[in-house]
Amino acid sequence: MNYINSITEAIGHTPMLKLNRIGKDAGANVFVKLEYLNPSGSYKDRMALAMIQAAERGETWNGKKLSAGGTVVEASAGNTAPAVAMICAAKGYKSKIFLYRYQMERPNNTRMLITKAYGPEVAVSSEPEHYLTKEQIEEFCKIEPDLVHVLSAKLDCQKLEDADDNCVWVDQIYNPYNYYGQRDMGHEVYEQLDGKIDAIGCSVSSGASLYGMCLGLADFGVRPEMIFGVVPKGSETYYALQKDVCDRTEFSVGTTSADIARIIGLEKWYTTSSINQVMFDNGYPDRFYRITSEEARDMANRLCQEEGIFCGMSSGANVAVALKLAKELGPGKNVVTTIVDRRDRYLSETPNETYVV
């Protein structure tokens, strides 16, 4: 007999696909890691499992240990929400997910419905006015309007964790087990392409997926000649970028989130280094690209219609950039990126899906 005893055992070991139609005239070979085939539909399954397993061992920022009957809390309006809820369901933990208010304008938001199916307690994050003055909100919104909502949701998590001895906030933005959980993806990429990787990259928010893949390749002594990150144009939540294509002298970690965290008392976010800062300090990536929702959507549509890949907007953005690099690098080189998630979680936005990470 050949079977598994938990859905968590189905996480990872996703196929690598060469784009033979979209990538036919690209120059270099373009490969995509099919992370949307993970059980909950995205690459976030890897890190959700790693973070929860670390919490079970007590390997958390504050030393809290997740015990039987405990609760895992996280804030997300994207793929982390269903991934965390799924792992908790499989392991028998309770979970509470705070969904970002600014992304919950539609009552039938698909990501919310998918998350709820796993049985967590779902709440919409507090209004920013609960933690900041009107003047502070107006000032921060001039820089990055989404951040006041993101930080409000994170503080909701911290307060819930503080109030319950058997509640652990996994906090994907600062939790090193986020990128530890993605390290295996780098190992898999190495094995699937025999170590022949000339460029690799993907969409980034916390930076954990990109950093984890790079660490996985580094375990085999591989450092591709080009490592790239992709962010939505107009919403560079954690990064300060000066133009649409930036090299290492032209981007940095944004400071606005730390500024807000200091004001509202989100201690971890201004006393420790975020994953993106750790990634930058260790020399990754080499280049950043900003991609519009229109570019991401058009490529996601092409991936569906020309390659049969039912993927979301981040995947479209990833491939759009991979094709640019394929032309730059030329024949005989290999460019790798990820198919991040399934398109079903964007159906409530159709036909105007937006690229967010």
Side-chain angles (χ1 to χ4, degrees), residues 6-12 35 38-100 115 118-122 150 153-154 156-158 160-162 164-187 202 204-213 215-216 238 266-269 272-279 338 340-341 357:
S6 169
I7 194 67
T8 62
E9 296 174 48
I11 294 170
E35 288 295 293
N38 279 299
S40 86
S42 86
Y43 71 112
K44 293 286 190 178
D45 289 0
R46 294 177 185 264
M47 67 88 161
L49 179 61
M51 292 192 302
I52 291 170
Q53 287 175 331
E56 291 172 329
R57 299 189 298 268
E59 296 174 9
T60 56
W61 178 76
N62 53 11
K64 288 190 78 172
K65 186 174 183 178
L66 182 64
S67 302
T71 300
V72 175
V73 62
E74 180 59 300
S76 170
N79 292 311
T80 299
V84 168
M86 180 199 73
I87 302 298
C88 288
K91 284 179 163 285
Y93 296 117
K94 292 176 284 188
S95 59
K96 182 165 184 175
I97 308 294
F98 286 100
L99 300 169
Y100 299 143
T115 300
Y118 291 108
E121 181 182 352
V122 175
V150 172
K154 303 302 181 183
D156 288 340
C157 292
Q158 178 182 293
L160 185 61
E161 182 185 51
D162 290 344
D164 185 344
D165 289 339
N166 199 9
C167 174
V168 173
W169 172 30
V170 288
D171 190 15
Q172 61 174 321
I173 306 299
Y174 278 74
N175 192 330
Y177 283 93
N178 186 344
Y179 59 83
Y180 294 162
Q182 308 283 3
R183 199 167 191 150
D184 282 347
M185 197 190 328
H187 296 165
C202 60
V204 293
S205 53
S206 71
S209 182
L210 179 59
Y211 187 41
M213 281 197 296
L215 291 178
Y238 302 115
L266 189 61
E267 182 182 359
K268 187 197 307 185
W269 278 48
T272 61
S273 293
S274 63
I275 292 171
N276 50 29
Q277 186 64 64
V278 173
M279 176 175 68
T338 55
V340 174
D341 60 9
V357 292

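The model shown is predicted, which means the values in this text are computed figures rather than measured ones.
- Nearest heavy-atom pair, Ala85 versus Tyr118, reported as atom, atom and distance to 0.1 Å: CB-CB, 3.7 Å.
- Judged by distance alone, with hydrogens and angles left aside, the side-chain atoms of Glu9 form a donor-acceptor pair with the main-chain N or O of Ser6 at under 3.5 Å.
- The line from CG of Asp165 to OG1 of Thr71 is 11.5 Å long, rounded to the nearest 0.5 Å.
- Checked by atom type and distance alone, the side chain of Ser76 pairs as donor or acceptor with a backbone atom of Gly78 at under 3.5 Å.
- Put simply, the side chain of Asp341 never gets that close to the backbone of Tyr43: no donor and acceptor are under 3.5 Å apart.
- With rounding to the nearest 0.5 Å, the separation of CG in Asn178 from CD1 in Ile173 is 7.5 Å.
- The nearest pair of heavy atoms linking Cys157 to Glu74 is SG-C, 3.5 Å.
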For Lys96 and Trp169, run side chain to side chain contact (heavy atoms under 4.5 Å, CB included): C-alpha distance rounded to whole Å, both residues' side-chain angles, the deciding distance at 0.1 Å, then the answer.
-> CA-CA 10 Å; Lys96 182 165 184 175; Trp169 172 30; over 6 Å; no

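- Judged by distance alone, with hydrogens and angles left aside, the side-chain atoms of Glu35 form no donor-acceptor pair with the main-chain N or O of Thr338 at under 3.5 Å.
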Full working for salt bridge (charged side-chain N to carboxylate O under 4.0 Å, His left out) between Asp184 and Arg46 = CA-CA 9 Å; Asp184 282 347; Arg46 294 177 185 264; 5.5 Å; no

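- Looking at every heavy atom in both residues, Ala153 comes nearest to Ala75 through CB-CB, 3.7 Å.
- Taking the side chain as every heavy atom from C-beta outward, Ile97 and Val84 approach each other to under 4.5 Å.
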Residues Trp61, Asn175; criterion side chain to side chain contact (heavy atoms under 4.5 Å, CB included); working and verdict = CA-CA 8 Å; Trp61 178 76; Asn175 192 330; over 6 Å; no

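- A donor and an acceptor atom, one from each side chain of Gln172 and Thr80, are located under 3.5 Å apart.
- The distance from the CG atom of Asp171 to the OG1 atom of Thr60 is 11.0 Å, given to the nearest 0.5 Å.
- Counting heavy-atom neighbours within 6.0 Å of Lys65 NZ, excluding the residue itself, gives a total of 12 or less.
- Looking at Tyr174, its side chain does come within 3.5 Å of a backbone N or O of Trp269 through a donor-acceptor pair.
- Within the model, atoms CG of Leu215 and OH of Tyr180 stand 8.5 Å from one another, a figure rounded to the nearest 0.5 Å.
- Across Thr8 and Ile87, no two heavy atoms sit closer than the pair CG2-CD1, 3.9 Å.
- To the nearest 0.5 Å, the span separating CE on Met47 from CD1 on Ile275 amounts to 8.5 Å.
- In this structure, Asn166 and Gly69 approach most closely via the heavy-atom pair ND2-C, 3.8 Å.
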Determine, step by step, whether Glu56 and Val168 satisfy the side chain to side chain contact (heavy atoms under 4.5 Å, CB included) criterion, reporting the C-alpha distance in whole Å, the side-chain angles of both residues, the deciding distance to 0.1 Å, and the verdict.
-> CA-CA 9 Å; Glu56 291 172 329; Val168 173; over 6 Å; no

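- Looking only at distances, no side-chain donor or acceptor of Lys268 sits under 3.5 Å from a matching main-chain atom of Gln158.
- The structure places CE of Met185 at 8.0 Å from CG of Asn38, a figure rounded to the nearest 0.5 Å.
- Side-chain contact between Cys202 and Val340 is absent, with no heavy-atom pair separated by less than 4.5 Å.
- Here the closest heavy-atom approach between residue Ile52 and residue Val170 is recorded as CG1-CG1, 4.4 Å.
- A donor-acceptor pair under 3.5 Å is absent between the side-chain atoms of Ser273 and the main chain of Gln277, judged by distance alone.
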